[in-house]
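As structure tokens, the structure follows; a few thoughts come after it.
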There are 2 protein chains.
Amino acid sequence: MDPLGFSPHNHDHCISDGVAAADAQCRAKGLQLTPVRRRVLEILLQEHRAMGAYDILDHLRNEGLGSQPPVAYRALDFLVKHGFAHKIERLNAFVACAHPEGDHAPVFLICRDCNSVAESDGRTVRKAMADTASQSGFAIDRSVVEALGLCPNCREGHAE
Amino acid sequence: MDPLGFSPHNHDHCISDGVAAADAQCRAKGLQLTPVRRRVLEILLQEHRAMGAYDILDHLRNEGLGSQPPVAYRALDFLVKHGFAHKIERLNAFVACAHPEGDHAPVFLICRDCNSVAESDGRTVRKAMADTASQSGFAIDRSVVEALGLCPNCREGHAE
DNA sequence: GGGACTCATGTAATGTTATAACAGCCGCGG
DNA sequence: CCGCGGCTGTTATAACATTACATGAGTCCC
């Protein structure tokens with residue numbers, strides 16, 4: 001059940017900081033952080049793990065905020081589009097962004113044991129990708145970089 | 001409709017070479033390249049694009065080789081597991097491996113216009129990822145690296 | 001040959017993830 | 001007041017994937 005950075009932290013801050021950052025950016029860009037969107041972001045921050053759209057929908061349903069898939073997907077699309085959350089393709093799941101302070105190029109480290117997801121700095125990786133792509137004349141818009149393996153905590157358990 | 005390398009080539013060779021490589025590796029490793037598996041690989045090589053499992057299943061059905069989803073998924077699992085094909089997570093689709101000569105770390109370049117997929121050499125990218133991961137003590141097993149953008153051919157069309 | 005085993009296949013049913021399409025609401029500018 | 005854009009509510013369905021169980025073909029060992 002360990003969180004995004006593979007390290008302990010004050011989790012209340014994650015939530016309030018994350019929402020505050022989104023709030024600020026939405027105000028700055030004229031976007032609407034509506035109750036459903038805000039709540040979905042809070043849920044993602046709270047749970048601090050990759051969640052399926054239907055997991056999130058369950059929460060929303062319990063809270064009377066919507067019960068049909070499009071409700072969840074629309075909120076998630078919004079959050080992903082504006083960088084407040086990310087989709088983990090490998091898991092068909094979503095996580096709150098761990099670095100909401102503007103543009104970034106995340107690399108996700110997914111633990112195959114505890115399913116935690118860490119978002120780490122992908123700048124060197126993106127650089128390498130840009131080099132690779134330019135050799136074939138390909139122009140990258142966006143990219144998906146996800147590693148599967150063992151997080152530090154689970155590695156200990158597997159020590160042989 | 002352009003293919004894996006964004007460049008023209010003799011496509012008959014792709015198919016025969018791909019199947020021959022798989023054949024050889026299966027023999028070497030004691031794996032069974034059964035008719036369904038072989039046919040799925042041929043279909044992927046033939047079409048030379050990312051195909052959904054159900055697209056492949058349609059082909060199989062037309063040929064009397066199986067009609068239920070597990071038939072396609074089992075063959076695809078086999079091919080992916082042994083490196084004869086890859087899954088493109090972003091597209092929920094599969095492509096034949098373009099470099100069946102043993103271990104490799106592919107990076108996929110996915111054109112958002114024509115949907116072609118190129119498999120390029122990911123060694124420098126993997127190196128960068130390993131560096132990034134090791135900083136947080138994460139041990140990578142496998143990874144998914146997919147870039148979305150415009151291939152050289154579609155770039156021309158978009159020149160403004 | 002017969003029994004036990006493994007691996008591959010056939011098939012029904014179901015589960016999970018995601019989208020299309022349309023109707024209604026609400027705030028805002030004209 | 002009206003039209004318009006953006007968000008939400010809801011029904012229905014599409015697209016992707018797996019579980020579970022039955023059958024068959026080959027191999028090994030006795």
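All figures in this text were calculated on a predicted structure; none of them were measured in a lab. Throughout, a chain's letter reflects where its sequence line sits, starting with A, and its residues are numbered from 1.
To the nearest angstrom, P of C:dT9 lies 10 Å from CG of B:Leu33. Atom CZ of A:Arg90 and atom C1' of C:dT17 are 16 Å apart (whole Å). As a whole-Å value, the separation of B:Asp77 CG from D:dA17 P is 10 Å. Here the P atom of nucleotide D:dA17 and the CE atom of B:Met51 are 14 Å apart, to the nearest Å. Spacing between atom CG of A:Leu91 and atom P of C:dT16 amounts to 16 Å, rounded to whole angstrom units. The CG atom of B:Leu57 sits 14 Å away from the P atom of D:dT18 (whole-angstrom rounding). Straight-line distance from the CD atom of B:Gln68 to the P atom of D:dC16: 17 Å, rounded to whole Å. Put simply, CG on A:Leu31 is 13 Å from C1' on D:dC7, counting in whole angstrom units.
Ring-base stacking between B:Tyr73 and D:dT18 is not satisfied when judged by a centre separation under 5.5 Å and a plane angle under 30°. Aromatic stacking of A:Tyr54 on C:dT16: not satisfied for centres closer than 5.5 Å together with planes under 30 degrees.
Listed for the A:Arg49 side chain is no donor-acceptor partner under 3.5 Å among the backbone atoms of A:Asn115. Checking side-chain atoms of B:Arg61 against main-chain N and O of B:Ser67 turns up a donor-acceptor pair under 3.5 Å.
Considering only side-chain N and O atoms, A:Asn92 lies under 4.0 angstrom from the phosphate OP1 or OP2 of C:dA18. For C:dA18, one of the phosphate oxygens OP1 or OP2 lies less than 4.0 angstrom from a side-chain nitrogen or oxygen of A:Lys87.
Remark on DNA chain D: of its neighbouring residues A:Ala75 and B:Asp55, the 5'-side contact belongs to A:Ala75, judged by nearest-heavy-atom nucleotide. The nearest heavy atom of DNA chain C to A:Gly52 and to B:Phe78 marks one nucleotide each, and the one closer to the 5' end goes with B:Phe78. Remark on DNA chain C: of its neighbouring residues A:Glu89 and B:Thr34, the 5'-side contact belongs to B:Thr34, judged by nearest-heavy-atom nucleotide.
Scanning both residues, B:Gly122 and B:Val107, for their nearest heavy atoms gives CA-CG2, 3.5 Å.
For A:Arg74 against D:dG6, no side-chain N or O and base N or O form a donor-acceptor pair under 3.5 Å.
Residue A:Arg37 is in sugar-phosphate contact alone, with no base atom involved, counting any heavy-atom pair closer than 4.0 Å across all strands shown.
Taking the charged nitrogens against the carboxylate oxygens, A:Asp113 and A:Arg155 have no contact shorter than 4.0 Å, which rules out a salt bridge.
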Please output the side-chain donor-acceptor pairs of residues 70-91 of chain A that fall under 3.5 Å, not counting sequence neighbours, one pair per line with the distance.
from	atom 1	to	atom 2	distance (Å)
A:His86	NE2	A:His104	NE2	3.2
A:His86	NE2	A:Glu119	OE2	3.2

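In the set D:dC7, C:dA20, D:dA17, D:dA17 carries the atom at the smallest distance from any side-chain atom of B:Pro69.
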